[in-house]
2 protein chains.
Amino acid sequence: MDKDIFTKLLRERGQRFTKERFVILQKALSYDGHFDPETLYLQIRKTGSKASRASVYRTLSVLRECGVIQQVAKTEHGTVYERTYGHRHHDHMLCVQCGDILEFYSEELEKIQENICKKQGFQGSSHTLEIRGYCKKCRKKKK
Amino acid sequence: MDKDIFTKLLRERGQRFTKERFVILQKALSYDGHFDPETLYLQIRKTGSKASRASVYRTLSVLRECGVIQQVAKTEHGTVYERTYGHRHHDHMLCVQCGDILEFYSEELEKIQENICKKQGFQGSSHTLEIRGYCKKCRKKKK
DNA sequence: ATTGTAATTGAGACTCATTCTCAATTATAA
DNA sequence: TTATAATTGAGAATGAGTCTCAATTACAAT
Ligand SMILES: [Mn+2]
Ligand SMILES: [Mn+2]
Ligand SMILES: [Zn+2]
Ligand SMILES: [Zn+2]
C-alpha cells in the first residue's frame with residue numbers, strides 16, 4: 001500500500017499523513033503472519049526509524065478501523081494482529097498456556113456455515129472462529 | 001450444582017473444599033448470561049459473604065479447567081465468562097446493521113472442529129464462532 | 001477429638017499491556 | 001509565511017490479573 005492511498009485513507013477520516021504513521025503502516029504490512037504492538041515498536045526502533053509506543057498503539061487502531069489489519073486475538077500476552085489485505089481467510093486455535101496461535105482452514109466448515117446462514121435467512125459476510133485450548137507442546141508438558 | 005459434586009470435582013484435582021470456593025461457584029452459576037470476575041467479586045462482598053479478589057481469580061480458573069464455566073471473550077474491559085454447566089453450548093450470528101444477535105447450534109460444526117483439533121494435536125476446550133452479516137429483517141430493508 | 005501438616009486464603013505489592021497527559025512539534029490550508 | 005488544529009513522545013497513570021507470604025484452615029492419621 002503506497003503513500004497516496006494511505007494519505008487518502010487518512011483524509012477521509014479527517015486525519016493527517018505523518019511519517020510516524022507511514023513507518024508504522026509499512027512495518028505492519030511487512031509481516032506475513034501475526035504480530036503484536038510491542039514487537040513492531042521495537043523493530044521500528046532497531047531500524048533507526050522512530051515512532052513512540054503511544055503512536056504505535058494509536059496508529060494500529062486507525063489501521064484496524066480502516067480494515068488494513070485486524071485483531072486476531074487478545075491473549076494473556078497482549079493483542080495479536082495480522083494484515084487483512086492479501087491474506088486468505090483462515091481461522092485460529094489459541095493455546096491458553098503459551099499463547100501460541102495456530103491457523104487452519106476447512107472448506108467443510110465454511111460450507112456448513114453458509115448452509116446455517118441460508119436456513120436462518122442470514123446474510124453472512126465474515127466470521128471469526130477461535131478455538132481455545134492446549135497446543136501439542138503444552139499438552140505434553142502438562143503430563 | 002451442589003456441595004458434594006463440587007467437593008468431588010475438587011478431590012479429583014487434589015484440592016480441598018472451602019467456603020470461599022463454594023461461594024464463588026454459586027455466584028458464578030447464578031448468572032444466566034455473561035459475567036466478569038470483578039462484578040462477581042463485588043457482588044459477593046455486597047451479599048456479606050467474603051472471598052478475596054485473588055481467590056475469585058484462582059477459583060474461576062479452577063472452574064474453567066473443570067468445564068463448569070468457560071471464557072466467552074477477552075475484551076478491553078477484561079475477561080468475560082459464562083456458565084457451561086447446565087447450559088447448552090451455542091454460537092452467534094451478529095447483525096452489523098441492527099446489532100441483533102442470533103444463536104445457533106450445529107452438531108456437524110462441532111464434530112468437524114473436533115476432527116480438526118485432533119488432526120493438529122490440539123486439545124480444544126472451548127471455542128467462539130461469531131458470524132457477522134445482515135439479519136433477515138435488515139436484508140429486506142436494504143432492498 | 002486432637003494433632004500434624006500441606007493446602008488455602010487475603011492484603012496488598014507487583015507486572016505489564018495499554019491509555020492518558022500535555023508541552024513541544026508539525027502538517028496543512030489560507 | 002502564518003495561523004492553528006492535529007500530532008507526537010516521554011513518562012505518568014490505569015487496570016486486569018498474578019504473586020508473595022504470614023496467618024489460617026481442611027482433613028487425614030492417630
Ligand atoms: Mn492468522
Ligand atoms: Mn455462546
Ligand atoms: Zn501452548
Ligand atoms: Zn439486523
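Sequence lines set the chain letters: A, B, ... in the order given, protein chains first and strands last, and positions in each chain run from 1.
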What contact category does B:E38 fall into here, base, sugar-phosphate, or nothing, at under 4.0 angstrom with non-hydrogen atoms?
nothing

Specify the separation, in whole Å, of atom NZ of B:K50 and atom P of C:dG10.
5 Å

Sugar-phosphate, base or nothing in reach of A:K74, heavy atoms under 4.0 Å
nothing

Let me know which of B:H34, B:Q71, B:H87 forms a side chain to side chain donor-acceptor pair (under 3.5 Å) with B:E82.
B:H34

For B:F17 and B:A54, take the nucleotide of DNA chain D holding the closest heavy atom to each; which residue's nucleotide lies nearer the 5' end?
B:A54

Side-chain donor/acceptor of A:R58 to base of D:dG9, under 3.5 Å:
yes

Does C:dT19 have OP1 or OP2 sitting under 4.0 Å from an N or O in the side chain of A:Y57?
no

Roughly, in whole Å, what's the span from CZ in B:F6 to P in C:dT8?
11 Å

Nearest heavy-atom approach of B:T79 to B:P37 is O-CD, 3.4 Å

Starting at OH of A:Y41 and ending at P of D:dA10, how long is that distance when rounded to a whole Å?
7 Å

On the nucleotide D:dA10, are OP1 or OP2 found under 4.0 Å from the side-chain N or O atoms that A:S52 carries?
no

Would you kindly give the CD1-to-C1' distance between A:I44 and D:dG9, to the nearest whole Å?
14 Å

Could you check which of C:dT8, C:dT18, D:dT8 has an atom nearest any side-chain atom of A:S55?
D:dT8

Under 3.5 Å, side chain of A:T59 to main-chain N/O of A:V56, donor-acceptor pair present?
no

Base, sugar-phosphate or nothing for A:R11? Non-hydrogen atoms, less than 4.0 Å.
sugar-phosphate

Base, sugar-phosphate alone, or nothing: which one does B:R21 contact when heavy atoms must sit under 4.0 Å apart?
sugar-phosphate

Let me see the working for A:S55 and A:R58 under side chain to side chain donor-acceptor pair (under 3.5 Å), right down to the final yes or no.
CA-CA 5 Å; A:S55 285; A:R58 284 184 295 227; 3.3 Å; yes

Taking all heavy atoms of A:D2 and all of A:F22, pick out the closest pair and write down the distance.
C-CE1, 4.4 Å

Shortest non-hydrogen contact between B:E103 and A:Q120, atoms and distance:
O-NE2, 4.1 Å

Ignoring backbone atoms, establish whether A:T79 has a side-chain N or O less than 4.0 Å from OP1 or OP2 of C:dA17.
no

Quick one: B:R16 CZ to C:dT5 C1', roughly how many Å, whole number?
8 Å

Quick check: are there more than 12 heavy atoms from other residues, nucleotides or ligands sitting under 6.0 Å from CG of A:D32?
no

OP1 or OP2 of D:dA26 less than 4.0 angstrom from a side-chain nitrogen or oxygen of B:K19, does that happen here?
yes

To the nearest 10 degrees, how far apart in direction are the end axes of the helix from C:dA1-D:dT30 to C:dA30-D:dT1, each fit to five base pairs?
40°

Are A:T18 and D:dT8 close enough that a side-chain N or O sits under 4.0 Å from OP1 or OP2?
yes

Taking CG from A:L10 and P from C:dA29, how many angstroms apart are they, rounded to a whole number?
13 Å

What is the separation between atom CD on B:E20 and atom P on C:dT9, rounded to the nearest whole Å?
5 Å

Using whole Å, report how far CD of B:Q15 lies from C1' of D:dA26.
13 Å

Can you list the steps and then say if A:T128 with B:R132 is a side chain to side chain donor-acceptor pair (under 3.5 Å)?
CA-CA 8 Å; A:T128 315; B:R132 287 175 298 276; 3.0 Å; yes

